[in-house]
Structure formats: C-alpha cells, structure tokens
Colleague: 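Could you have a look at this structure, given as structure tokens, before my questions?
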Number of protein chains: 2
Amino acid sequence: MNLPPLCEAFVLHFGEMGSRWGVNRTVGQIYAVLFIAETALCADDLVDRLGISRSNVSMGLKELQSWNLVRQRPVAGDRRDFFTTPDDIYSIVRTLVNERKKREIDPTLSMLRELLMQTPANAQEEHAQSRLKDMHELIELLTAWYADIEKLETDRLIQLLSLGSKVARILEVKDRIFALPGGKGRQTPSSTPNRG
Amino acid sequence: MNLPPLCEAFVLHFGEMGSRWGVNRTVGQIYAVLFIAETALCADDLVDRLGISRSNVSMGLKELQSWNLVRQRPVAGDRRDFFTTPDDIYSIVRTLVNERKKREIDPTLSMLRELLMQTPANAQEEHAQSRLKDMHELIELLTAWYADIEKLETDRLIQLLSLGSKVARILEVKDRIFALPGGKGRQTPSSTPNRG
DNA sequence: CTCAGTTTTCAGACATTCCTGAAAGTAGAG
DNA sequence: CTCTACTTTCAGGAATGTCTGAAAACTGAG
C-alpha cells in the first residue's frame, strides 16, 4: 500500500469497517482513499496507492457509483475518469442513509405490510403479526422522522442535534405555553407535564 | 424450515437483512424466530423450526448473547436453556445501537483521535487530517446526540420523533421567547443560536 | 462417584465471496 | 477506418466464511 502512514492507518481501518457494514474491504478502502485525497483520482492512482488489481478498482468504483457515493469528474485534456467524494460530509451521510433506506428499509417495510395484510391462520401467526406490527410502527416512526429531518439545512440540523434531549425540555415549555390537550398518535404521556 | 408460511417469510427476509448488516444469515434467522415466538424457545426448538444443525444453533445463540440481543430464561423443571427477545422493541433498538457503538463507533473515534494527534509529515497528510477532523466532529455530534436521546423515556422519545423537523419551528419560537430584551435572566442554553 | 441430558468446541467439508489476468469493449484523435 | 488509451467484463483460482457431525465438556440427579 503506497500511502503515508497516517493515511494508510485510516484506509485500513475504514476498509475493516466497510466489511462490517455490508461493503467489501476493498470498496471501503477505495472510498477511504478518495475521501482523504486532495484532488480527484483516476483508477490507476488507486491501483498504485492500494496495490490491488486494475479490475478490482474498476469493480469497486462501479459499486461506489451505484451507491452514489463517488462523483465522476472530467479533467480537461485527460481522457481518464477521475473520481471524488463530496466535500460536504453531511451530504455524504445523507446519501448513505438514503441509499440504505432504499435498499434495505423500504423492502423491509413492504414485506412487513404485506404480511400484516394476511389473515393469520392460527394463534402462532397471529402473535407473529402483532410483533411485526410493532416493528413496522417503529420503522415507520424512524423513517418519517428522518425524512423530515433530512430537509433541514445543515446549520439547523447541527443546532438541533447539539441540543439533544434538551429539546424535550423545550417540549415541556411548549406544552405549558400552549397547553395542548392530549398528545399525538399512540399514547399520551402523563397528561399533565409534571415537573416540579 | 418448519414454520407457518407467514413466519417463514419473515424469517427468510430477516436472515437476508442480517447478512447485509454484519451478522450471518443463520444468526439473523435465529433472532427472527425468537422475536416472533410466543414463548421462550430452547435450542432444539430452533433446530426444528429452522432445519439447521444443533451446533449451528449453539454458535448463533452464543453470538446473539454476545450482542445482548437474547435473554436466557430458566424454565421451572427443565434443565435446558430457553431464550427470548425483550418484549419492548424500543429496548431492543437501544441494545442494538449501544452494541454497534461499542464495537464500531468507539474504536473508530479513537483511531481518528489518535491520527489527529499526530504531526502531519507532509501536505498530503495534513489534508487527510482536515478530512478526518470533519469526520470526527460529525461522529461526535451524532453520538453525543444519541447518548442524550437514549435516556428519554419511550413515550417522550416517541413524542419527539413524531414531531420531526417541527421541532425546528419550536426552536424558532424558543429563540423569539428568549430573545426578548430583558428576558434573559434564566438558563439560556450556552451558545446563542445565531445564523437564522 | 456415575449417568443422562444438555451445551460447546472444533476440524474439516462445503459454500460464498473476492480478486486477478486476459480478453473484449469503448471512444476520441488522426 | 485504425490506432491508442482507457475501462469493463468474466472465468476460474484464492481466500474467507459458514455449517456439520463427532467428540469433549458441563451439570444436576441419583
């Protein structure tokens, strides 16, 4: 691996992580190299830095492109393809989440919905359905939340995340100010905002 | 596979998902069977329902236990071990997130910190560090947010998630309330949110 | 202690995934 | 059209991961 030690350490770790998150080691390493690269790189740069075969790089880049995780950028006067990752790390995370949602969450939701429509044939299936319903509701809650949050500008998002659960206290303030009767959906939390 | 069709469909899908999320298919299937089971099951129940070898079940359960994802529950008058998943799906998610954090996020954070402490040997390493810094900050932001959120009671959590980005609007309300001149004797959050 | 019922371990068969070199494909320049 | 520089595809060997049966280890009862 033809990289300065600091870079190599990162690339190796990132490859390892990749393999725990459903992409193979090499793909993770390719991404890592692109992520920390100063400029756009071509396939042969990756061959050189990672010490893997040209065809492996080609397959890896193809996979990363299918995830929308790398961008192909033309370089004037050069016929080769050059690749980069976005500068904005928040946009990277958004892409990653959206792709995983599309590939894993959405199919899971439709499977769950389908199974929940079926008429249970016995007690065992009936009980299974009640569990699947819980799971379905939870995933819907999380994805709806994310879909909503995703639209925020990065600055607002950071502000929101920094607050963490303090938001819950603001909720209480809100409750007191507007004295909204009842909660949303499921189950109203203890009717009066008890707090001192 | 000795399961009613509805259950089998779920178990197969869940196994498939597991294999995309870093646990092998069988482990995912074992978990799925336990998740929808009406009662605690012993290893042989799993052998029967999944049609896999006893030793495979043993290894799978061992792995699930190392993730704290299944509980071993004694059954009176039976020497065998019986396993369940928690009834509360929110606690399941909390466990899952905590375990992944421990195994993947935390080591990544320490690697990043370590690399950021080094003195860059050249421009390439220096640029890499600035990228790693971005990544480190983002992960810290997310984990701090989660650590905070995790402590909320489930009902409050649901309430919060249901609001989604509407919270951002409440933030604006808050900004207006606390921005009132003369009204800042109280506990304004440390940083004054600028950048409207 | 022994025994029977149970769980765990582990070598190696089996299966899947990954990686490579060779060959085929593609596209701009001349 | 041909040449050249580059990219992609793909068969099959290498590496890794998974699963099993047999044997060992454990554990409570007698």
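Per chain, numbering begins at 1; letters A, B, ... match sequence-line order. Here the structure is a predicted model, which is why all the values come from computation and not from measurement.
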Colleague: From the options D/dT7, D/dC19, C/dC18, select the nucleotide whose nearest atom is closest to the side chain of A/Asn24.
Modeller: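 Ranking D/dT7, D/dC19, C/dC18 by closest atom to the A/Asn24 side chain puts C/dC18 first.
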Colleague: Check this for me: B/Glu114, atom CD, are more than 12 non-hydrogen atoms of other residues, nucleotides or ligands nearer than 6.0 Å?
Modeller: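 No, not enclosed.
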Colleague: Between A/Asn56 and C/dG21, is there a contact of a side-chain N or O with OP1 or OP2 at under 4.0 Å?
Modeller: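 Indeed not, no polar side-chain atom of A/Asn56 lies that close.
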Colleague: Without decimals, in angstroms, what is the distance between B/Arg80 CZ and D/dT27 P?
Modeller: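 That distance rounds to 18 Å.
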Colleague: Which nucleotide wins on minimum distance to the side chain of A/Ser53, given the candidates C/dG21, D/dG17, C/dT7?
Modeller: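 It is C/dG21.
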Colleague: Closest to the A/Met59 side chain: D/dT20, D/dT18, D/dC10?
Modeller: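 The listed nucleotide nearest to A/Met59's side chain is D/dC10.
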Colleague: Whole Å only: how far is the CG atom of B/Leu41 from the C1' atom of C/dT6?
Modeller: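 Rounding to the nearest Å, CG of B/Leu41 and C1' of C/dT6 are 17 Å apart.
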Colleague: Quick one: B/Leu50 CG to D/dT18 P, roughly how many Å, whole number?
Modeller: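 These atoms are roughly 16 Å apart.
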Colleague: Kindly say whether, by distance alone, the side chain of B/Arg79 makes a donor-acceptor pair under 3.5 Å with the base of C/dT6?
Modeller: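 Per atom types, no contact qualifies.
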Colleague: Which of the following nucleotides, D/dG17, D/dT9, D/dT18, is nearest to the side chain of A/Lys62?
Modeller: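 Of the options given, the side chain of A/Lys62 lies nearest D/dT9.
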Colleague: Counting only heavy atoms not in A/Arg113, do more than 12 sit closer than 6.0 Å to its CZ atom?
Modeller: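 More than 12 heavy atoms, drawn from other residues, nucleotides or ligands, come within 6.0 Å of this atom.
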Colleague: Over how many whole Å does the gap from B/Asp78 atom CG to C/dA4 atom C1' extend?
Modeller: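 Rounded to the whole Å, the gap is 14 Å.
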Colleague: Let's test your reading of the model: under 3.5 Å, does the base of D/dG21 pair with the side chain of B/Ser55 as donor and acceptor?
Modeller: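 Such a pair is found, so the answer is yes.
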Colleague: Within this structure, what is the CG-to-P distance between A/Asp45 and D/dA5, rounded to whole angstrom?
Modeller: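 Atom-to-atom, A/Asp45 to D/dA5, this comes out as 17 Å.
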Colleague: Under 3.5 Å, is there a donor-acceptor pair linking the side chains of A/Thr154 and A/Arg94?
Modeller: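 Result is yes, a qualifying pair exists.
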Colleague: Over how many whole Å does the gap from B/Phe82 atom CZ to C/dG5 atom C1' extend?
Modeller: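 That distance rounds to 13 Å.
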Colleague: Please answer whether the main-chain N or O of B/Met17 pairs with a side-chain N or O of A/Glu104 as donor and acceptor at a distance below 3.5 Å.
Modeller: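 Not at all, since once roles are kept as given, no pair shorter than 3.5 Å links the two residues.
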Colleague: With heavy atoms under 4.0 Å as the rule, sort A/Ile52 into base, sugar-phosphate or nothing.
Modeller: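 Answer is sugar-phosphate: A/Ile52 comes under 4.0 Å of backbone atoms only.
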Colleague: When you look at CZ of B/Arg54, are more than 12 heavy atoms from neighbouring residues, nucleotides or ligands closer to it than 6.0 Å?
Modeller: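 Atom CZ in B/Arg54 is packed in, count exceeds 12.
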Colleague: Please confirm whether the shortest side-chain N or O distance from A/Arg54 to OP1 or OP2 of D/dT7 is below 4.0 Å.
Modeller: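 It does, given that an N or O in the side chain of A/Arg54 lies less than 4.0 Å from OP1 or OP2 of D/dT7.
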Colleague: When the distance from CZ of B/Arg25 to C1' of C/dC14 is rounded to whole Å, what number comes out?
Modeller: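 To the nearest whole Å, that distance equals 15 Å.
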Colleague: Closer than 4.0 Å, any side-chain N/O of B/Thr26 to the OP1 or OP2 of D/dC19?
Modeller: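 Yes, B/Thr26 has a side-chain N/O under 4.0 Å of OP1/OP2 on D/dC19.
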Colleague: Atom CG of B/Leu46 and atom C1' of C/dT6: how far apart are they, to the nearest Å?
Modeller: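 Spelled out: CG on B/Leu46 to C1' on C/dT6 is 15 Å.
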